[in-house]
Amino acid sequence: MATIPKALRDYLDQTGEISLFAMRFFREAFHRPFEFKELLRQCYVIGYNSVFLVITTGFIMGLVLTLQIRPTMIDFGAVSYMPQLVSIAIVREIGPVVTALICAGKIGSSIGAELGSMKVTEQIDAMEVSGTNPFKYLVVTRIWACILMLPLLVIAADAIGLFGSFLVETTKGEVSMRLYFNRVFDSLLFGDLIPATVKTFFFGFAIGLVGCYKGYNSTKGTEGVGHAANSAVVLASLLLFVVDFLAVLVADIFYEI
Amino acid sequence: MITKGDITSLAMDPAHTNSAPIITIRGVTKSFGTHQVLRGFNLDLYPNENVVIVGKSGSGKSVLIKCLVRLVEVDEGEVQVLGKSIPDLQHDELDEIRADVGFLFQGSALYDSMTVKENLQFPLRRHSERMKGQDEEELIHEALKNVGLESAIDLMPAELSGGMKRRIALARTLILQPKVILYDEPTSGLDPITSNEIIQLILNIQRTFHTASLIITHDMDCARVISNRMIILQDGINYAEGTYEELSKSKDPKVKAFFKEVQNR
């Protein structure tokens with residue numbers, strides 16, 4: 001062990017601990033008692049409270065993407081392919097990844113800080129002595145809520161992003177809404193929609209898992225709470241790209257992207 | 001009003017000559033890495049008795065009471081609460097015992113996202129079988145009445161002062177009608193007047209509910225007033241034991257040094 005550099009040892013330690021944490025989630029997630037009331041509350045907190053941020057970002061993403069690509073498409077004489085190009089880009093990749101990154105920042109940090117603060121103020125211990133399994137009540141519900149809410153947030157961001165793109169097209173190219181969305185739906189296949197949607201469940205899992213792991217294992221008082229929130233965002237963002245890469249690899253096997 | 005001049009304990013006399021102890025600790029050891037915190041601690045807590053454990057910071061007092069509800073696992077030794085060996089219990093059995101053992105945390109540990117009422121409902125709903133036939137609303141009002149904070153029922157913890165938080169936490173502890181209450185620094189971080197209110201509450205609880213209490217504290221005024229018996233935890237063992245008067249007059253150099261250090265604080 002002495003020959004392994006400390007940074008590598010810490011990295012391996014953390015990877016092992018997160019894996020054990022994930023295994024504990026799967027062990028506890030499917031056994032009674034189920035905390036449905038808290039799950040619904042978390043779905044509201046995580047989903048509803050993020051909608052405004054996600055649709056704003058999605059709208060701007062659609063506008064900017066179209067504005068940036070359009071001149072090049074005009075140069076190539078391919079401006080009529082704009083709806084196809086933008087829809088595939090948004091639905092397959094940009095929508096899910098940008099939304100997940102926004103959620104990693106908002107949801108990951110908030111879960112990390114909330115659980116970290118509960119840990120250092122002994123609220124988690126208080127929960128345990130009152131006969132509640134805090135892992136089930138706090139961690140399982142939050143991870144499930146992330147898994148369930150992220151796909152919905154991504155769908156909302158994609159839809160509003162395409163609407164933003166249409167606004168640019170209709171302003172600059174006088175394309176009707178009907179024509180624009182006919183072309184969008186003609187170009188989108190199940191091979192675009194299914195892998196893109198399935199990977200958002202994994203994005204949700206990654207965000208929830210990392211946020212909960214960092215918060216639940218927070219130490220060193222209030223400094224530790226800040227560190228938990230910060231490192232939850234950094235690690236979740238990094239993990240999202242890894243999950244995205246793996247999802248694209250697997251989708252390529254099944255759908256030959 | 002409790003003043004610095006009071007010497008006699010105000011705690012009710014325990015009945016430990018004829019009763020079996022509620023808590024028994026024998027030879028408990030606990031280490032964190034290479035640092036051994038407890039090195040063979042022993043204790044008997046009898047019904048209706050207030051035992052205060054004092055000791056320097058980092059001496060393992062909080063670790064000790066956390067071992068009693070298995071928030072911390074002991075390395076070796078025997079820990080029995082209400083006749084059950086805590087390290088050997090299955091999770092369901094442990095939850096049953098935990099309902100009989102109230103725990104007042106140092107920082108109150110109220111759930112930030114819940115109102116006072118929801119904080120009190122939380123343990124009740126977890127132990128609904130145990131409280132069957134009793135009206136939830138009535139229990140909550142009764143618990144809040146016991147700590148004199150009925151008006152705070154709809155407030156959030158962030159809207160409460162430090163003393164109010166401690167009293168609500170005490171109400172949450174009392175709501176399951178425990179047989180033993182563990183207090184982790186019940187007066188820390190409070191002003192002298194609020195500390196006195198908390199001390200009075202602890203005494204009232206002993207008189208009204210006849211609970212046994214194990215109290216960890218740095219506050220020697222609190223220890224003097226509420227203890228039937230005091231234990232000095234030093235070097236990981238129960239170094240000295242007796243009433244406040246006995247210990248304060250002890251000739252043992254370490255005990256004398258401890259009292260001197262506390263008085264100079």
Side-chain angles (χ1 to χ4, degrees), chain A residues 1 13 24 27-28 31-46 48-49 107 110-139 141-142 145 212 215-222 224-225 228-229, chain B residues 32 62-63 65-72 81 86 91-114 118-131 157-158 162 165 168-170 172-176 178 180-182 184-185 189:
Chain A
M1 284 297 281
D13 275 351
R24 188 174 172 195
R27 215 169 42 238
E28 306 229 11
H31 286 102
R32 286 171 185 279
F34 302 115
E35 304 283 357
F36 285 120
K37 202 176 160 194
E38 180 62 10
L39 174 63
L40 284 178
R41 196 179 78 84
Q42 287 306 323
C43 286
Y44 174 80
V45 170
I46 289 168
Y48 181 76
N49 288 351
I107 301 168
S110 112
I111 292 177
E114 187 186 11
L115 295 195
S117 149
M118 289 185 78
K119 172 87 175 178
V120 300
T121 56
E122 296 182 308
Q123 289 176 53
I124 292 180
D125 284 346
M127 210 165 260
E128 191 161 351
V129 295
S130 74
T132 303
N133 177 345
F135 192 91
K136 218 171 238 280
Y137 189 84
L138 300 171
V139 175
T141 53
R142 278 164 177 76
C212 289
Y216 203 75
N217 294 296
S218 163
T219 50
K220 297 179 189 169
T222 46
V225 177
Chain B
F32 294 97
S62 294
V63 170
I65 56 166
K66 285 183 178 173
C67 289
L68 294 173
V69 283
R70 220 164 81 188
L71 283 174
V72 173
V81 177
I86 295 296
H91 230 280
D92 288 350
E93 297 170 309
L94 182 64
D95 282 344
E96 282 304 306
I97 287 288
R98 280 170 169 172
D100 279 323
V101 182
F103 200 122
L104 184 74
F105 288 88
Q106 191 171 354
S108 305
L110 295 178
Y111 310 128
D112 291 332
S113 57
M114 300 180 195
E118 288 164 344
N119 262 280
L120 269 65
Q121 270 170 343
F122 195 85
L124 277 181
R125 295 201 171 158
R126 301 285 139 179
H127 293 279
S128 49
E129 279 297 308
R130 178 190 169 93
M131 308 310 280
K165 279 184 189 166
I168 297 294
L170 201 46
R172 188 177 66 183
T173 306
L174 285 175
I175 204 158
L176 291 177
V180 196
I181 303 181
L182 310 175
D184 190 3
E185 303 277 7

*Within residues 99-106 of chain B, residues adjacent to chain A where the heavy-atom gap is under 4.5 Å*: B:Phe103, B:Phe105, B:Gln106
_Taking side chain as everything from C-beta outward and backbone as N, CA, C, O, which of these in B:Leu94 sits under 4.5 Å from a heavy atom of chain A? Side chain, backbone, both or neither._
neither
*Heavy atoms, side chains only, cut-off 4.5 Å: are B:Ile181 and B:Leu174 in contact?*
yes
*Partner residues of A:Phe135 under the ring-ring contact (aromatic ring centres under 6.0 Å, His included) criterion, sequence neighbours left out*: A:Phe21, A:Tyr216
*For B:Val180, check side chain to side chain contact (heavy atoms under 4.5 Å, CB included) against everything at least two apart and list the hits.*
B:Ile22, B:Ile23, B:Leu45, B:Leu182, B:Ala212
*Between the side chain of A:Arg142 and the main-chain N/O of A:Gln42, is any donor-acceptor distance below 3.5 Å?*
no
_Any residue meeting side-chain hydrogen bond (donor to acceptor under 3.5 Å, both in side chains) with B:Asp95, in chain and number order, not counting sequence neighbours_ = none
*Test salt bridge (charged side-chain N to carboxylate O under 4.0 Å, His left out) on A:Glu128 and B:Arg126 and set out the steps.*
CA-CA 11 Å; A:Glu128 191 161 351; B:Arg126 301 285 139 179; over 6 Å; no
